[in-house]
Amino acid sequence: MDRWVETLAFGDLEGRAFGVGPGDAADDLLSDPASDRALDAYSRTVATVADAVGPSVVRVESGGGGRGGTGSGVVIAGDGLVLTNSHVVSGSRQLRLAFAEGGHSRAELLGNDPDCDLALLRAELPRATPAARLGDSKRLKRGHLVIAIGNPLGFESTVTAGVVSALGRSLRSHNGRLIEDVIQTDAALNPGNSGGPLVAASGDVVGINTAMIGGAQGLCFAVSSNTAQFVVGEFIAHGRVRRAHLGIAAQTLPLPRRLSLAIGAGPRAVRVGEIEANGPADRGGLRVGDILVAIDGTEIHGADDLIRSLGSDRIGRPAELAVIRDARLQRITVTPIERQPRA
């Protein structure tokens, strides 16, 4: 039993946090007179994580631009890099950070990506402010312990704990695009938690808390740390997240079953509603009314699939589009270009 208590307190993300070996039985653990020590181990784990990561969590105060509000953020580098949500800082001309150990500092916006609801700030940190470590969210499993730290409703350095409820969720961002690889948790979140870290028992940040469903119990979501690492890398390299686009306005369209079977497509596709003059689609010969069913052999089942397929790796690389035109399947080559951020 002592081994089980110890490994719970210092477990990793590989499922060894509970220390149950081949010869252990759940019934024995539950009926053991020392099982109350497991609760102590759980408490120690949460407290240890809160003490280690809590000083890295900041309050983000936004103002100017006709709006103002507060959220949370987490220091991820000792030179002053702070990760938070895009919706916490969007539209603000003035940003200020309040630190867990006291003191304030003005912050500069280095990058903002509404598509993934992430933003990167830089600020002067108080001496000895620790940086949290971004972990590998792919090592998470359902049931793993996670701890959320933030400033909900103005209550500083609040800690809540729960488990990973589901992985690989998709969540609609504030600008209408889908955020992929979202973590669902029942660790309680409230307004003001946005931008704060979701932390594993190892002390690694595995997500950035982004949303809750009002009126629901225990339905909270975080952008995965692997997505965050990609976005931060793009911010540092390019000042933005680079994505490709075709220069079209598209909408999801259900396909008649007979047609989808005849061409070997899925039940839904994308109809081209508008084409940007002299854009990639226009130059490639795409027409309004064309129905896009695949890109480079990968089926497109809707507008979200189309957006998801247009990553930075497609910029400047010719792509073969399978489209239905005049009731016939045709193939058109279009070279996507980089989508420019909105002013």
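In what follows, every heavy atom counts, from backbone to side chain, and hydrogens, waters and symmetry copies are set aside.
- Residues Thr48 and Thr45 bring no donor and acceptor atom of their side chains to less than 3.5 Å of each other.
- Between the side chain of Ser56 and the backbone N or O of Pro130 there is at least one donor-acceptor pair closer than 3.5 Å.
- With respect to the salt-bridge test (charged N to carboxylate O, under 4.0 angstrom), the residues Arg339 and Asp115 qualify.
- Comment: Arg169 does not engage Asp181 in a salt bridge, judged by the lack of any side-chain N to carboxylate O separation of less than 4.0 angstrom.
- The two residues Ser72 and Gly150 have their closest heavy-atom pair at OG-CA, 3.5 Å.
- For the 3.5 Å distance criterion, the side chains of Asp117 and Ser173 fail to qualify, holding no donor opposite an acceptor.
- Side chain of His144 to main chain of Lys141: a donor-acceptor pair is present (N/O by atom type, distance under 3.5 Å, no hydrogens or angles).
- Looking only at side-chain heavy atoms (C-beta outward), Val334 and Pro280 come within less than 4.5 Å of each other.
- At a threshold of 4.0 Å, the pair Arg308-Glu180 counts as salt-bridged, since one of the basic side-chain nitrogens sits closer than that to a carboxylate oxygen.
- Taken from CZ in Arg243 to CG in Leu310, the straight-line distance is 10.5 Å, to the nearest 0.5 Å.
- Ion pairing between Glu234 and Arg240 fails under the 4.0 Å rule for side-chain N and carboxylate O.
- Val49 and Ala200 get closest at one heavy-atom pair: CG2-O, 3.8 Å.
- Put simply, the side chain of Thr210 reaches to within 4.5 Å of the side chain of Leu171, judged on heavy atoms.
- Thr185 places a side-chain N or O within 3.5 Å of a backbone atom of Ala187 that can act as its donor or acceptor partner.
- In this structure, the separation between OG on Ser90 and CG on Asp113 is 11.0 Å, given to the nearest 0.5 Å.
- Taking both residues in full, the closest heavy atoms of Ser86 and Asn112 are given as OG-OD1, 2.6 Å, listed atom of the first, atom of the second, then distance.
- Environment of CZ in Arg172: crowded, with over 12 heavy atoms of neighbouring residues, nucleotides or ligands closer than 6.0 Å.
- Ion pairing of Arg106 with Glu108 is absent here, as no side-chain N (NZ or NE/NH1/NH2) approaches a carboxylate O to less than 4.0 Å.
- Other residues, nucleotides and ligands place no more than 12 heavy atoms under 6.0 Å from the CD atom of Glu124.
- Across all non-hydrogen atoms, the minimal contact from Ala228 to Leu118 is CA-CD1, 3.7 Å.
- Asn226 and Asp136 share a side-chain donor-acceptor pair at under 3.5 Å.
- Other residues, nucleotides and ligands contribute at most 12 non-hydrogen atoms within 6.0 Å of the CD atom of Glu274.
- The shortest side-chain heavy-atom distance between Val82 and Leu97 falls under the 4.5 Å cut-off.
- Put simply, the side chain of Asn151 gets close to the backbone of Val58: a donor and an acceptor are under 3.5 Å apart.
- No option in Ile291, Val293, Leu259 other than Val293 meets the side chain to side chain contact (heavy atoms under 4.5 Å, CB included) test with Leu329.
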Run the numbers on Leu125 and Phe99 for side-chain contact (heavy atoms from CB on, under 4.5 Å), then give the verdict. CA-CA 8 Å; Leu125 303 178; Phe99 300 95; 3.6 Å; yes

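- Nearest approach of His245 to Gly247, heavy atoms of both residues: ND1-N, 3.3 Å.
- One N or O on the side chain of Gln229 and one on the backbone of Gly135 form a donor-acceptor pair closer than 3.5 Å.
- Look at Arg122 and Asp79 and you find a salt bridge, because one of the NZ, NE, NH1 or NH2 atoms lies within 4.0 Å of a carboxylate O, short of that distance.
- Atom CZ of Arg317 sits in a crowded spot, with more than 12 heavy atoms from other residues, nucleotides or ligands closer than 6.0 Å.
- Summarising the local packing, CZ of Arg325 is surrounded by more than 12 heavy atoms from other residues, nucleotides or ligands at distances under 6.0 Å.
- His301 approaches Arg268 most closely through the heavy-atom pair O-CB, 3.2 Å.
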